[in-house]
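Notes for the one structure printed next.
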Amino acid sequence: MKHTISALVENKSGVLARIAGLFSARGFNIDSLAVGETQDAAISRMTIVVRGDDAVLEQVCKQLNKLVDVIKVQDFAGKDFVDRELILLKVSTDGKTRHEVLQIVEIFRAKIIDIKAKSMTIEATGSDSKVDAIIDMLKPFGIKELARTGKIAIARG
Amino acid sequence: MKGAEILIESFRKEKVDVVFGYPGGSVLDIFDIIYKSGLRFILTRHEQGAAHAADGYARATGKTGVCIATSGPGATNLVTGIATAYMDSVPMVAITGQVPTRMIGNDAFQEADITGITRPITKHNYLVKDIDELPRILKEAFYIANTGRPGPVLVDIPKDIQNASTDNKYPDSVEMRGYKPNYEGHIQQIKKAAEMIMAAQRPVIYAGGGVIISNGSEELTKLAGKAGIPVTTTLLGLGSFPSTDDLSLGMLGMHGTKYANLAVQDTDLLIAVGARFDDRVTGKVSEFAPHAKVIHIDIDPTSIRKNVNVDIPVVGDVKKVLAELIKNIKKCDTQPWLKKIAGWKKEYPLSYGKGGLKPQFVIEKIYELTRGDAIITTEVGQNQMWAAQFYKYTRPRTFLSSGGLGTMGYGLPAAMGAQAGCPGKLVFDIAGDGSIQMNIQELTTCVLNKLPVKIIILNNGCLGMVRQWQELFYGGRYSSTILNSKGPDGEKGITFCEENKCHPYLPDFIKLAGAFGAEGVRISKDSEVIPALKKAIESDKTYIIECIVDPEENVFPMVPAGASLNEMIESMA
Ligand SMILES: Cc1ncc(C[n+]2csc(CCOP(=O)(O)OP(=O)(O)O)c2C)c(N)n1
């Protein structure tokens, strides 16, 4: 099962490696991992998306909690939370297709942030499914480059 | 103060009375301060020896063991010792030198990313990049190492930081958002546990190393006595409950007593105390204690429900939780259960056959002469299991052994550390002929520092425990486990000391003892055991007794790996 785990950690070097190590030591592949400062610059939030056996993941979360630099861990599985991902996507366009691409961008409430004769660069945010959907829609035009931030998440309320 | 001075100051503040280590280019500033400091520093002959010695010191005294090594190869030589301490929750602070900060990451001479290397085998580690942080980091390192579930903490100090100065003082207390060990067990949970204990018909206590770490042996003994509950211990739990007590079942698991394993398989309530359900204990997990409800008391929430399901978890310090539990318990009627167990004990005692000098016999005699008052360290293999089975541990911190990692070469340096921490005590390393060769260089350290450790080499001419597995499960194909002197020239063997009628074996351990400045004697008959032991005990020297034992002897009973505790092999017959 897919888990979205959020960890508040000390904003220090080595912390990321320590956390990633707990997953890699068990042979888990991290689907995505996003880190950034919180309202307190000394604290970072890590959002980790990982697939794995529930019991093993419960153990990993307990292990995360045990790390000296980890302040709080939440597994959002089964909980109410909001999540977003940001992508930057460069798609091939020409005079004929530009309009179609613009329409798609509009429908997904994405943004054009760069435009050239043969390409457009698009910024989109949203949940996995929305981000996946826009990528799917743009694929036929030819995606030249794609960058995803990985998911960030926060509990509702 | 300069960085190196702050380090020595922290030792003083933390009441560290002995430090083990080895110098090198990146720690020259530290060693220069040590030179003038009056600190008791023991120069080992290998950094692995320093780490195990710090570990043995810590296990024997309950204090934090400290070791120092230089950057690169010095630091990597500590790794096995750190991993050993990590697996057995031993409080240790390892200090390593590092190349100057501006060179870190450049593959500089003798650079190794030791914080990266030791991340999975330390409780926490630090690379100090700012001299102003050094006092706080050292304070935290000692605090983390010896609180909660103890463990090794490594502090990597670049050469320029050792030399830089700061006005920051060594703090009196620590403040860490992410680290707040919880010692008090939940009172409601403890009450529920007490009720469950009083309702049980066939309870068993399964005590682990956590009892010793928390100094909870007295409470454990009281609880067992008050409620009339038999106690089995893990390897690392030996000494947490007197094995001379009627309620003692000895050790359980792969080489546990048959009666301990039968009791666990029959119990209706297993009370796990400071133990972690290691696979060497449980055998096949799905068939472990099949009829039992489980109470699990442990300071580490991650040990709970890791391997087995638990009915009542109590997270807290074993000593505190047990004290609370005792208050909530009345005497239970376990007489029929104890009678059944007494029957098993009579029927299936630990025993061994005759023929040649038996290793078990040697260990029994060590107990006879020391009455359980000595500190026993072991290497790894058959020697370790016989030392666990045939010596009676009556006090905590008297059995030091690498349980979790199973590190050959642990015993001698650990004995050395224990002897440094407990000068008045008699310390024995029970060794195999294979293991002793892994850190034999520390004989020098023992001799020069007047650490009169007694080394009992149970020489069976082979890597006995591996040979035992090959005999039982690999059709007797002894691939690379025979160490006796039948070297490449085949059956002829090496007869280097025939004129002295000595055992043709390489190395000649007795000559080796002489070369290292220790004393030694070789024995091969029952009648020689007591006189040799007496002489060693009376001597104030580091002493080797090489016992030429029956090379075919195996450790029994044995639960094959992955089998259930009922499926014991009791002998070769
Ligand atoms: C460092 C290390 N290497 C290898 C092993 C695997 N191993 C476990 S027991 C053993 C044999 C030990 O032989 P010896 O020290 O002679 O003791 P005996 O079993 O004969 O008493 C070996 C090789 C180990 N535990 N540790």
Side-chain angles (χ1 to χ4, degrees), chain A residues 1 3 5-30 33 35-48 50 52-75 77-78, chain B residues 83 86 89 101 104-105 113-130 133 136-137 140-145 147-156 174-182 276-277 285 298-310 313 315:
Chain A
M1 156 159 189
H3 289 251
I5 294 162
S6 162
L8 290 177
V9 304
E10 298 283 350
N11 186 3
K12 284 183 188 160
S13 73
V15 180
L16 177 61
R18 211 169 260 129
I19 291 196
L22 283 183
F23 292 93
S24 64
R26 289 168 178 75
F28 285 167
N29 183 33
I30 294 179
L33 190 156
V35 198
E37 279 180 13
T38 61
Q39 69 278 16
D40 177 347
I43 298 180
S44 297
R45 181 186 295 274
M46 281 187 194
T47 310
I48 306 158
V50 61
D53 176 293
D54 288 357
V56 183
L57 267 167
E58 185 191 328
Q59 177 67 18
V60 173
C61 283
K62 284 191 194 169
Q63 298 274 5
L64 284 174
N65 250 316
K66 223 167 91 170
L67 293 176
V68 169
D69 286 332
V70 171
I71 299 161
K72 191 175 170 199
V73 179
Q74 271 177 294
D75 182 346
Chain B
Y86 181 71
S89 309
T101 37
I104 290 176
D113 172 16
I114 197 64
T115 44
I117 291 168
T118 58
R119 208 166 276 135
I121 53 162
T122 48
K123 187 172 170 188
H124 194 53
N125 66 22
Y126 297 89
L127 167 61
V128 186
K129 290 212 293 243
D130 179 351
E133 293 192 344
R136 174 184 60 79
I137 286 176
E140 287 181 3
F142 277 96
Y143 180 73
I144 292 169
T147 51
R149 178 179 184 163
V153 178
L154 180 135
V155 185
D156 196 26
V174 298
E175 192 40 62
M176 276 176 284
R177 284 184 280 217
Y179 182 72
K180 298 215 160 49
N182 174 26
R276 62 190 178 91
F277 297 88
V285 182
D298 204 295
I299 192 147
D300 180 358
T302 64
S303 347
I304 287 169
R305 290 209 184 92
K306 189 169 70 175
N307 301 330
V308 301
N309 203 29
V310 172
V315 176

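Here is how names work: the chains are called A, B, and so on, in the same order as the sequence lines, proteins then strands, and each is numbered from 1. All heavy atoms count here, side chains included; hydrogens, waters and symmetry mates do not.
For chain B, the nearby part of A:Val70 is the backbone; its heavy atoms alone come within less than 4.5 Å. For chain B, the nearby part of A:Leu67 is the backbone; its heavy atoms alone come within less than 4.5 Å. Heavy atoms closer than 4.5 Å to chain B are found nowhere in A:Ala25, neither backbone nor side chain. Looking at A:Ala42, the atoms closer than 4.5 Å to chain B (heavy atoms on both sides) sit in the backbone and in the side chain alike.
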Which donor-acceptor pairs sit under 3.5 Å apart between chain A and chain B?
from    : atom 1 : to       : atom 2 : distance (Å)
A:Glu10 : OE1    : B:Arg177 : NH2    : 3.0
A:Glu10 : OE2    : B:Arg177 : NE     : 3.2
A:Arg18 : NH2    : B:Asn125 : O      : 3.2
A:Arg18 : NH2    : B:Asn125 : OD1    : 2.5
A:Asp40 : OD2    : B:Arg177 : NH1    : 3.4
A:Gln59 : NE2    : B:Thr302 : O      : 3.2
A:Lys62 : NZ     : B:Pro301 : O      : 3.3
A:Lys62 : NZ     : B:Ile304 : O      : 2.9
A:Lys66 : NZ     : B:Asp300 : OD2    : 2.6
A:Lys66 : NZ     : B:Thr302 : OG1    : 3.2

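With respect to chain B, the highest number of heavy-atom pairs below 4.5 Å among A:Ala55, A:Gly14, A:Cys61 belongs to A:Gly14.
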